[in-house]
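What follows is a set of notes on a single structure, which appears directly below.
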Amino acid sequence: SVENTQEVSIVNARPEHLDTIVKYVIDMRVETWGIPADPVPIKKQIRKLFEDELEEGEKSFGFYLVAETPDGTVVGCTLIMYQVNPVVGGLIYFIQSVYLLPEYRSKGIFRRMYDKAYEIARSDPDCKCLRLYLVEDNKLASDVYKSL
């Protein structure tokens, strides 16, 4: 059962979250499109977000935020992707691939994930815009985004 969701923390994902994030990405694909996925290529791509091979000042293609209970259980995640955009003169951050365990939905956790992404975007002088990425036929996500 879901306890006090105010105790759920929104934090940057760490390498130990990798397997859970991969599971949630697959669950999200099945839930949204009815399409299962092979975890191997998904894990390979997500792992790149945790590698320390970047040169000083260089950015990866994004990062994950996770919603974590006090005991360390990850109950949701979202991917923040960067796009270089010369028109805006910097980066656009895209919030996408949002997943929360069903019992943690409609409890304000995504709003807190959004707020954390906004805070991180505002603190990056290269970021000029924060956008929510939405697949057009995803009514559930559309309804959630409209409630923000």
Side-chain angles (χ1 to χ4, degrees), residues 1-37 39 41-52 54 57-85 88 90-148:
S1 83
V2 178
E3 296 108 33
N4 181 0
T5 58
Q6 289 303 312
E7 294 180 2
V8 173
S9 299
I10 310 304
V11 298
N12 283 60
R14 300 181 300 274
E16 61 263 32
H17 297 138
L18 179 61
D19 289 335
T20 302
I21 292 170
V22 170
K23 179 188 181 322
Y24 290 171
V25 167
I26 293 169
D27 290 350
M28 179 194 56
R29 285 175 53 112
V30 170
E31 187 176 303
T32 304
W33 299 295
I35 303 171
I42 292 171
K43 188 172 187 173
K44 182 179 176 185
Q45 290 300 311
I46 294 171
R47 181 180 283 126
K48 291 179 183 179
L49 297 170
F50 301 111
E51 291 177 350
D52 294 327
L54 302 173
E58 185 181 18
K59 293 191 183 316
S60 68
F61 62 87
F63 60 93
Y64 269 91
L65 294 175
V66 297
E68 192 175 51
T69 63
D71 70 0
T73 302
V74 173
V75 299
C77 61
T78 187
L79 174 61
I80 313 300
M81 296 271 305
Y82 309 120
Q83 177 191 57
V84 176
N85 189 312
V88 299
L91 298 175
I92 297 176
Y93 281 27
F94 285 92
I95 299 173
Q96 61 188 53
S97 302
V98 178
Y99 184 82
L100 283 168
L101 291 174
E103 62 269 28
Y104 284 86
R105 296 176 188 172
S106 299
K107 299 189 182 308
I109 295 173
F110 173 69
R111 176 63 198 217
R112 292 181 23 235
M113 294 171 90
Y114 173 87
D115 290 345
K116 180 72 170 182
Y118 181 80
E119 172 189 317
I120 292 169
R122 294 233 0 160
S123 71
D124 181 348
D126 295 328
C127 182
K128 305 301 179 193
C129 182
L130 175 66
R131 293 185 178 163
L132 294 166
Y133 180 83
L134 175 66
V135 175
E136 195 172 340
D137 61 350
N138 189 338
K139 180 169 174 14
L140 177 63
S142 178
D143 291 346
V144 170
Y145 292 171
K146 285 176 186 173
S147 74
L148 293 174

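Index from 1, following the sequence.
When all heavy atoms are compared, the tightest approach of Arg14 to Glu16 is NE-OE2, 2.8 Å. Taking every heavy atom of both residues into account, Ala117 and Leu130 meet most closely at C-CD2, 4.2 Å. Closest approach of Met113 and Leu65 over heavy atoms only: O-CD1, 3.7 Å. Heavy atoms only, all atoms of each residue included: Pro36 and Gly34 are closest at CD-O, 3.6 Å. In this structure, Cys127 and Ala121 approach most closely via the heavy-atom pair CB-O, 3.4 Å. Nearest heavy-atom pair, Leu100 versus Gly76, reported as atom, atom and distance to 0.1 Å: CD2-CA, 3.6 Å.
Here the CD-NZ distance, from Gln45 to Lys43, works out to 14.0 Å after rounding to the nearest 0.5 Å. Remark: Leu101 CG to Thr73 OG1 distance equals 9.5 Å, nearest 0.5 Å. Rounding to the nearest 0.5 angstrom, the gap separating the CG atom in Leu79 from the CD atom in Gln96 is 5.0 Å. Considering OG1 of Thr32 and OH of Tyr99, their distance stands at 9.5 Å, rounded to 0.5 Å. Atom-to-atom distance recorded for Ile35:CD1 and Arg29:CZ is 5.5 Å, nearest 0.5 angstrom. Considering CD of Glu68 and OG1 of Thr20, their distance stands at 9.5 Å, rounded to 0.5 Å.
Arg105 and Glu31 are joined by a salt bridge, as a carboxylate oxygen and a charged side-chain nitrogen come within less than 4.0 angstrom of each other. Between Asp19 and Lys23, none of the side-chain N atoms (NZ, or NE/NH1/NH2) sits under 4.0 Å from a carboxylate O, so this pair counts as no salt bridge.
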Handout entry: Residues Glu119, Asp115; criterion side chain to side chain contact (heavy atoms under 4.5 Å, CB included); working and verdict
Key = CA-CA 6 Å; Glu119 172 189 317; Asp115 290 345; over 6 Å; no
Practice task
Please test Val66 against Ile21 for side chain to side chain contact (heavy atoms under 4.5 Å, CB included), starting from the C-alpha separation and ending with a verdict.
Solution key: CA-CA 8 Å; Val66 297; Ile21 292 170; 4.0 Å; yes
Practice task
Begin from the C-alpha positions of Val22 and Leu18 and carry the test side chain to side chain contact (heavy atoms under 4.5 Å, CB included) through to its verdict.
Solution key: CA-CA 6 Å; Val22 170; Leu18 179 61; 4.2 Å; yes
Practice task
Could you give me the CA-CA distance, side-chain angles and deciding distance for Leu91 and Asp124, then say whether side chain to side chain contact (heavy atoms under 4.5 Å, CB included) is met?
Solution key: CA-CA 9 Å; Leu91 298 175; Asp124 181 348; 4.0 Å; yes
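The number of heavy-atom neighbours closer than 6.0 Å to CZ of Arg122, taken from other residues, nucleotides and ligands shown, is 12 or below.
Under the 30°/60° scheme for interplanar angles, the aromatic rings of Tyr118 and Tyr114 are found to lie parallel. Between Phe63 and Tyr93, the ring-plane angle classifies as perpendicular under the 30° and 60° cut-offs.
The closest side-chain donor-acceptor pair between Tyr82 and Asp126, if any, does not fall under 3.5 angstrom.
Residues Tyr64 and Val25 have side chains in contact (heavy-atom distance under 4.5 Å, counting atoms from C-beta outward).
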